[in-house]
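Just below is one structure, and these are the notes that go with it.
Proteins come first, then strands; the chains are lettered A, B, ... in the order of their sequence lines, and each starts at number 1. Keep in mind that the numbers below use all heavy atoms, side chains included, and drop hydrogens, waters and symmetry copies.
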Number of protein chains: 2
Amino acid sequence: MTTARLPTVAVDVVIFTIDEDELKTLLVQVKKGPFAGRWAFPGGLVPSGESLDTTARRELREKTGIHDVYLEQLYTFGEPNRDPSAHVVSVAYFALVSRPVRLPADDPKYARVEWRPVRKLPRLAYGHNALAEYALTRLQAKIGYSNIAYSLLPAEFSLAELQAVYEAILGRRLDRRNFRKRVLQLGLVRALSKQRRGPHRPAALYAFARRTPVLTE
Amino acid sequence: MTTARLPTVAVDVVIFTIDEDELKTLLVQVKKGPFAGRWAFPGGLVPSGESLDTTARRELREKTGIHDVYLEQLYTFGEPNRDPSAHVVSVAYFALVSRPVRLPADDPKYARVEWRPVRKLPRLAYGHNALAEYALTRLQAKIGYSNIAYSLLPAEFSLAELQAVYEAILGRRLDRRNFRKRVLQLGLVRALSKQRRGPHRPAALYAFARRTPVLTE
DNA sequence: GCAAAAGTGTTGAGATTACACCCATGC
DNA sequence: GCATGGGTGTAATCTCAACACTTTTGC
């Protein structure tokens, strides 16, 4: 690790999913360098000629195997001391994946890879705790005026499941009647003429009206 | 200009001011390279060891001589083809200055420097038109839920002057009574016991309650 | 006294919140 | 038949937008 004449550019991705009604993020355990043993969000250097979004998607594919996810740029952190070994300018992204995918058994780059509740993170490497806060705040705001929750759910779902996603993200309970009124009135979802059968009264199934990002107000 | 093995990092700053009730931005005319003769927003490379905010403030000081401004990071553009001569990752900022400062007669780096209405920009170098749109959208949203307009006004001002700033940014007229009610009720400004005398009825003067960034809701 | 900008409240519509009971199913 | 989650409407409150006349000054 030598100090370059100019900063290098990296992309770091906060990957969210909902697992057991809890909002979790994917952490990797750093193998080498001054932060060896500490956890962080996955990331990697941006090679010349590759766009930032492409690097982020590649990182995501390598870590989770998933390609079709929601991805949004968050903020760029450029303080020179976050990584003591070099000045790395880190472009942060957040991503939403619909389920906690099976993780590759051994990644050559990281000691371990785990899904961890975003509200109980340890002290992270590279000042990534600030990044986690930033990502959560943005996500909480954005589900309020967009349809991006579609990327956290399968094609068909009950309104109770949709509400559980919102509650996991916001960290508080919502009123069921107001919630249903809202998402239907906004045209966020459309009813399928299907039901899910379970141990209790069957739930009507719904699908998102659009599975591409749309702002709703 | 050689193609580096890794992208370099630059900061570009959209500097806004209000001049003659119009929202303007500072443009520089590029002297060299493939975009010679075209206009762009001022910017510069980030040296190793300097934070992005510091680079942005330095750029601002060099171009306008002003230090005490509002500065906020906007977005990072990383498409490799924006500058055909090298892959430059550009971290965009926007800044607000209270008046169109006198510009240095000759900058070694730029052919000319001018304040231009943000809604009548020419085709800019480095894909900067997208940046202008992005900055304006953010600014319009942000004056709605923060006090950052303080940085576009002197210490004392009339409510009509404050309203003119909001109208210049939003590009539409506002209702005077609703506007006054709003800013007073939010505690955004406080009345001074002073008046400005002019050709007509004197206007009561106000000051911002706080001259540091605060979100109002 | 007249031209020009400053100052001032009320009303209606729409949006948001709070809240409680019946329904359909599996066991 | 009972336990469990699914499904539904209304009333009160708050927020936001629309709107017109009087006041104060310089000339």
Practice task
Using atom CG of B/D175 as one end and atom P of D/dC16 as the other, report the distance to the nearest whole Å.
Solution key: 14 Å
Handout entry: Test item: side-chain donor near acceptor, A/Y93 and A/D53, under 3.5 Å
Key = yes
Handout entry: Salt-bridge criterion met for A/K24 and A/E114 (N-O under 4.0 Å)
Key = no
Exercise for the section: Taking only Lys NZ, Arg NE, NH1 and NH2, and the carboxylate oxygens of Asp or Glu, determine whether A/E167 and A/R172 approach each other closer than 4.0 Å. Expected result: no
Exercise for the section: For B/L184 and C/dG9, give me the distance from atom CG to atom C1', rounded to whole Å. Expected result: 14 Å
Handout entry: Rounded interatomic separation in angstrom, taking CZ from B/R196 and P from D/dT24
Key = 20 Å
Exercise for the section: May I ask you to decide whether B/E133 forms a salt bridge with B/R119, counting only side-chain N to carboxylate O separations under 4.0 Å? Expected result: no
Practice task
Could you check how far CZ of B/R176 sits from C1' of D/dA20, rounded to whole Å?
Solution key: 11 Å
Exercise for the section: Specify the separation, in whole Å, of atom CZ of B/F179 and atom P of D/dA18. Expected result: 16 Å
Exercise for the section: Determine whether any donor atom in the side chain of B/H200 lies under 3.5 Å from an acceptor atom in the base of D/dT25, or the reverse, and answer yes or no. Expected result: no
Exercise for the section: Have a look at A/R182 and say if it touches a base, only the backbone sugar-phosphate, or nothing, with a 4.0 Å heavy-atom cut-off. Expected result: nothing
Handout entry: Charged N-O contact under 4.0 Å between A/E50 and A/R58
Key = yes
Exercise for the section: Report yes if a donor N or O on one partner sits less than 3.5 Å from an acceptor N or O on the other, where the partners are the side chain of A/R197 and the base of C/dA24; otherwise report no. Expected result: no
Handout entry: Whole-Å gap separating C1' (D/dT15) and CD (B/E217)
Key = 11 Å
Practice task
Look at A/R180 and D/dG7 and indicate whether a side-chain polar atom (N or O) is within less than 4.0 Å of OP1 or OP2.
Solution key: yes
Problem - Nearest-angstrom distance from the residue atom CG of A/L159 to P of D/dG6 - result: 10 Å
Problem - Distance-only donor-acceptor test, B/R201 side-chain atoms vs C/dA5 base atoms, 3.5 Å - result: no
Problem - Whole-Å distance separating the CG atom of A/L205 from the C1' atom of D/dG7 - result: 14 Å
Practice task
Mark yes or no for a side-chain to base donor-acceptor pair under 3.5 Å between B/K181 and C/dT10, with no hydrogen or angle criteria applied.
Solution key: yes
